[in-house]
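Just so it is clear, the structure is predicted and the values come from calculations on it, not from any experiment. Just the heavy atoms: all of them, side chains too, but no hydrogens, waters or symmetry mates, feed the values below.
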Amino acid sequence: MCIVQGTQKYARFIYSILEWILNLSIINLMWLLMNIPLIYFIVYTLYMSTNPFVVVMPALLTVLFFFPATTALYSSIRECLIHKESRASMKGYLRFYIKGYKRSLLIGLIVVPFWVAFLFNMYLSFTYHYVVIGICIFFISLLFFVYTNNLFIVESHYVYRLKELFIHTLLITFGNVKLFISIILSAIFVVSVSALMSKTIFTLFFVFFSTSLFALFSFSLFYSTYTKIVPTKKEE
């Protein structure tokens with residue numbers, strides 16, 4: 001009997017792992033497909049153009065594609081994590097994408113100009129050897145990265161008006177140092193693994209898992225930390 005129970009537990013564990021691999025690969029692939037125009041222009045900007053003002057088009061495409069696609073990604077991760085019986089699907093991802101498109105667009109219109117300012121000033125600082133200023137801007141950008149990531153989490157999990165969304169995300173970002181550091185470490189881990197995988201036969205790791213894996217880490221950390229603090233009546 002003990003052997004049978006142990007075998008069943010092992011089988012359930014393996015099944016759970018395989019199910020998450022499938023979920024993460026579907027979600028990540030859909031996210032990449034939705035961001036194809038942005039990816040194309042980023043590559044063009046990096047390798048084909050030396051004009052710094054060409055960043056205007058990628059910035060616009062970030063608003064139009066990246067923010068709706070990433071909000072849908074976090075919503076899909078939330079669905080799989082909280083409603084354990086749910087499975088990721090292309091149809092489900094598209095449902096979240098369409099439902100949240102307009103609001104994600106508004107969030108992008110507010111957030112992206114800050115990113116453009118940070119990146120442009122960082123570029124100028126290091127280009128003209130203002131290293132100290134460049135490093136300061138880099139650390140401010142790091143703070144804003146966590147804030148932006150938390151925007152996607154809060155938007156996918158709670159129902160707030162736009163002003164409330166930005167305020168509550170600010171409180172969440174700087175209200176828990178442990179969560180803040182954990183999200184940064186998760187990003188470093190995923191980027192490092194992706195970089196290592198890119199030099200091996202597992203190059204497709206980035207395509208199928210990296211972004212959705214980071215979203216899973218981030219949302220799991222947030223959910224375990226804040227569900228007892230933020231009023232649950234505003235959950236979707």
Would you say [X]'s side chain and [Y]'s backbone share a donor-acceptor pair under 3.5 angstrom?
X: Thr71; Y: Pro68; answer: no
X: Asn28; Y: Leu24; answer: no
X: Asn35; Y: Leu38; answer: no

Are any of the side-chain heavy atoms of [X] and [Y] separated by less than 4.5 Å?
X: Ile107; Y: Phe166; result: yes
X: Val190; Y: Thr211; result: no
X: Ser220; Y: Leu81; result: yes
X: Val146; Y: Phe174; result: no
X: Leu73; Y: Met34; result: no
X: Glu155; Y: Tyr74; result: no
X: Tyr147; Y: Leu170; result: yes

Could you report the tightest heavy-atom contact between [X] and [Y], atom names first, then the distance?
X: Ile26; Y: Met90; value: CG2-N, 4.0 Å
X: Gly134; Y: Met122; value: O-CG, 4.0 Å
X: Gly108; Y: Val63; value: O-CG2, 3.7 Å
X: Phe219; Y: Ile153; value: CD1-CG2, 3.7 Å
X: Phe96; Y: Ser76; value: CD1-OG, 3.6 Å
X: Leu61; Y: Pro37; value: CD1-O, 3.6 Å

Atom pair [atom1] ([X]) and [atom2] ([Y]), whose distance is rounded to the nearest 0.5 Å:
X: Leu106; Y: Leu162; atom1: CG; atom2: CG; answer: 6.0 Å
X: Ser156; Y: Glu79; atom1: OG; atom2: CD; answer: 10.5 Å
X: Leu213; Y: Phe209; atom1: CG; atom2: CZ; answer: 8.5 Å
X: Trp31; Y: Tyr93; atom1: CH2; atom2: OH; answer: 8.5 Å
X: Ile137; Y: Tyr130; atom1: CD1; atom2: OH; answer: 12.0 Å
X: Lys178; Y: Leu185; atom1: NZ; atom2: CG; answer: 12.0 Å

Any luck finding a side-chain donor-acceptor pair between Thr148 and Trp115 under 3.5 Å? yes

Quick check on side-chain contact (heavy atoms from CB on, under 4.5 Å): which of Leu22, Ile77, Leu216 does Ile27 satisfy it with? Ile77

Connected via hydrophobic side-chain network under 4.5 Å: [X] and [Y]:
X: Tyr128; Y: Ile135; answer: yes
X: Phe126; Y: Val132; answer: no
X: Ile36; Y: Ile42; answer: yes
X: Ile21; Y: Met30; answer: yes
X: Leu151; Y: Phe114; answer: yes

What do you reckon, are the aromatic ring centroids of Tyr158 and His168 less than 6.0 Å apart? no

Kindly state whether the ring of His157 and the ring of Tyr223 have centres lying under 6.0 angstrom apart. yes

For Ser186, what residues pass the side-chain contact (heavy atoms from CB on, under 4.5 Å) criterion, not counting sequence neighbours? Phe214, Phe217, Leu221

Test side chain to side chain donor-acceptor pair (under 3.5 Å) applied to Thr173 and Asn150, step by step: CA-CA 7 Å; Thr173 301; Asn150 288 341; 3.0 Å; yes

Classify the ring geometry of Tyr97 against Tyr101: parallel below 30°, tilted from 30° to 60°, perpendicular beyond 60°. tilted

Criterion side chain to side chain contact (heavy atoms under 4.5 Å, CB included) on Val116 and Thr62, from CA distance to verdict: CA-CA 11 Å; Val116 171; Thr62 299; over 6 Å; no

Between Ser104 and Phe152, does a side chain to side chain contact (heavy atoms under 4.5 Å, CB included) hold up when you go through it step by step? CA-CA 9 Å; Ser104 299; Phe152 291 121; over 6 Å; no

